[in-house]
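Nothing here was measured: the structure is a model prediction, and the numbers come from that model. Every number for a ligand or one of its atoms is a count from 1 in the order of the listing. Reckoned from all heavy atoms, side chains included, excluding hydrogens, waters and symmetry mates.
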Amino acid sequence: MQERLKELQTEALEKISTAADLKELNDIRVSYLGKKGPITEVLKGMGKLSAEERPKMGALANEVRDSIAAGIEQKQKHHEEAAVKQKLAAEKIDVTLPGRPVKTGNHHPLTRIIEEIEDLFIGMGYTVAEGPEVEKDYYNFEALNLPKGHPARDMQDSFYITEEILLRTHTSPVQARTMEKHEGKGPVKIICPGKVYRRDNDDATHSHQFMQIEGLVVDENIRMTDLKGTLEVFAKKMFGDDREIRLRPSFFPFTEPSVEMDISCKICGGKGCSVCKGTGWIEILGAGMVHPNVLEMAGFDSKKYTGFAFGMGPERIAMLKYGVDDIRHFYTNDVRFLKQFSIHE
Ligand code: DAH
């Protein structure tokens with residue numbers, strides 16, 4: 001029995017030493033140490049032994065079993081380590097290789113202009129207001145001193161949905177809506193960017209849908225000089241400190257007096273060129289002192305309160321600032337055009 005156990009031990013340890021992988025080791029474990037294995041088989045014969053021999057043989061059997069188990073464990077560890085090493089070698093990566101560039105998008109040029117203008121006015125204490133694009137005739141026209149049948153309505157060819165509802169033709173209705181919310185109490189100080197719609201044929205300078213940014217300030221003692229100073233700060237921040245501005249008399253039904261603001265042409269320095277059509281000046285926006293009728297209709301006492309308003313087109317500003325010659329580029333969204341406004345390149 002003793003010999004048989006020793007034999008099994010040598011046989012098993014030999015097999016373990018040549019086992020090629022974990023699976024083979026496991027097979028050895030099952031066949032030698034399992035319940036149906038030869039060691040168990042040998043131990044079944046223990047009953048025939050003398051009381052003296054029995055514990056000795058038991059101890060030997062345990063020793064054999066332990067040495068086989070230890071052999072398996074050691075070899076198993078060896079195989080596991082080898083497997084990890086092999087895996088590491090196979091999956092080795094060269095961290096010094098340059099990465100593949102990730103294509104990133106960028107803000108649309110109009111978004112950039114609008115955010116820039118918003119930031120500028122927020123810095124001067126304005127808040128950003130919004131209004132609906134599907135608007136009531138009342139806010140789009142009537143509340144802005146443009147009653148039904150007023151000839152100035154023709155300045156803004158409109159998309160009507162019903163007789164009383166249309167796609168807003170400008171962002172000025174937000175003036176009326178905001179003042180109404182203030183219930184006759186100042187101050188009001190807002191900037192309002194948004195989409196507007198007109199029945200225009202699309203060409204290099206016209207689009208049936210475009211953007212506007214409206215500004216409105218209402219309080220006691222607001223004067224024309226406040227308007228002029230505000231617009232000057234805006235123009236210089238947007239186009240450069242070397243630009244001059246001028247206000248020309250104009251007409252808008254919702255302001256009195258009304259003006260248009262020009263900035264000096266950067267390209268020719270005021271001498272006259274094709275961009276400024278030979279005048280040395282480029283028109284930027286419309287503005288004026290809020291008409292008393294507009295204040296009164298929105299619930300403000302026009303004897304106590306005065307205000308100024310202005311409206312501008314971010315497309316026009318972007319075209320001038322970035323030298324874009326066709327408004328349609330902003331809407332066709334050709335990536336070759338848009339990529340030029342990336343701040344990453
Ligand atoms: N709403 C005018 C337009 O679309 C622009 C404008 C002019 C807005 C004068 C104003 C303003 O607030 O005071 O042509």
Side-chain angles (χ1 to χ4, degrees), residues 114 117-118 121 126 128-133 135-146 150-159 166-180 188-200 205-219 222-232 234-235 245-263 282-295 297-298 300 302 305-317 327:
I114 290 169
I117 297 175
E118 276 179 9
F121 280 97
Y126 288 64
V128 177
E130 277 182 15
E133 287 170 32
E135 185 55 285
K136 290 184 174 153
D137 180 280
Y138 174 77
Y139 290 112
N140 195 78
F141 289 130
E142 267 177 72
L144 296 171
N145 205 26
L146 274 146
H150 193 292
R153 284 193 178 207
D154 294 347
M155 286 160 75
Q156 304 185 358
D157 243 347
S158 320
F159 288 113
L166 74 162
L167 297 181
R168 68 178 177 194
T169 56
H170 51 177
T171 42
S172 302
V174 184
Q175 286 187 25
R177 284 180 172 272
T178 308
M179 278 192 274
E180 220 177 63
V188 180
K189 213 171 170 187
I190 54 143
I191 187 108
C192 165
K195 290 193 190 111
V196 301
Y197 303 83
R198 290 195 197 171
R199 280 184 51 183
D200 267 333
T205 53
H206 294 85
S207 170
H208 61 283
Q209 183 255 296
F210 55 103
M211 309 280 298
Q212 276 194 343
I213 301 182
E214 192 80 13
L216 172 73
V217 173
V218 179
D219 206 348
I222 298 291
R223 289 163 305 194
M224 189 86 181
T225 45
D226 297 314
L227 171 63
K228 191 176 175 199
T230 305
L231 294 181
E232 189 159 0
F234 159 74
I245 69 157
R246 75 173 183 189
L247 299 181
R248 274 181 294 106
S250 184
F251 171 78
F252 299 102
F254 28 91
T255 44
E256 182 59 38
S258 303
V259 293
E260 271 169 321
M261 180 174 85
D262 299 337
I263 55 164
I282 297 168
E283 186 197 319
I284 289 290
L285 52 77
M289 299 306 290
V290 182
H291 197 291
N293 287 355
V294 173
L295 287 168
M297 269 186 280
F300 275 79
S302 63
Y305 285 103
T306 48
F308 67 73
F310 53 87
M312 63 180 103
E315 284 90 342
R316 184 166 169 74
I317 290 171
I327 194 171

For ligand 1, does [X] get within less than 4.0 Å through its side chain, its backbone, both, or neither, judged by non-hydrogen atoms?
| X | result |
| --- | --- |
| Met312 | neither |
| Ala309 | both |
| Met155 | neither |
| Phe308 | neither |

ask   = Does Arg246 CZ have over 12 foreign heavy atoms under 6.0 Å away?
value = yes
request  = May I ask you to check whether over 12 heavy atoms, not counting those of Gln209, lie within 6.0 Å of atom CD?
outcome  =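 Atom CD in Gln209 is packed in, count exceeds 12.
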Enumerated ligand 1 atoms positioned under 4.0 Å from heavy atoms of [X]:
| X | result |
| --- | --- |
| Gly311 | 6 (C), 8 (C), 10 (C), 12 (O) |
| Phe252 | 7 (C), 9 (C) |
| Gly288 | 13 (O) |
| Gly286 | 7 (C), 9 (C), 11 (C) |
| Ser172 | 1 (N), 8 (C) |
| Glu214 | 8 (C), 10 (C), 12 (O) |
| Arg198 | 3 (C), 4 (O), 14 (O) |
| Ala287 | 9 (C), 11 (C), 13 (O) |

message = Under a 3.5 Å distance rule, please check whether Arg316 uses its side chain to pair with a backbone N or O of Ile327 as donor and acceptor.
response =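 Not at all, since once roles are kept as given, no pair shorter than 3.5 Å links the two residues.
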query = Is it true that a side-chain atom of Asp262 and a backbone atom of Arg248 form a donor plus acceptor pair closer than 3.5 Å?
reply = no
task = List for me each residue that meets side-chain hydrogen bond (donor to acceptor under 3.5 Å, both in side chains) alongside His150, sequence neighbours excluded, and say none if there are none.
result =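 side-chain hydrogen bond (donor to acceptor under 3.5 Å, both in side chains) check on His150 returns nothing, list empty.
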inquiry  = I need the single residue from Val128, Ile117, Thr171 that forms a side-chain contact (heavy atoms from CB on, under 4.5 Å) with Pro193. Which is it?
reply    = Val128
ask   = Are Arg168 and Val174 close enough that some pair of their side-chain heavy atoms sits under 4.5 Å apart?
value =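 Answer yes - side chains close enough.
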request  = Would you check if Ser158 and Phe141 make a side-chain contact, meaning some heavy-atom pair closer than 4.5 Å?
outcome  = yes
query = Is Thr255 close to ligand 1, meaning an N/O of one under 3.5 Å from an N/O of the other?
reply =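 By distance alone, the answer is no.
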Test ring pair (Phe, Tyr, Trp, His ring centres under 6.0 Å) applied to His170 and Tyr197, Phe254, Phe310, the passing residue =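 Answer after filtering Tyr197, Phe254, Phe310: Phe254.
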key: For atom 11 (C) of ligand 1, the protein heavy atom that lies nearest, with its residue and separation   =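 I find the closest protein heavy atom is Phe254 CE1, 3.7 Å.
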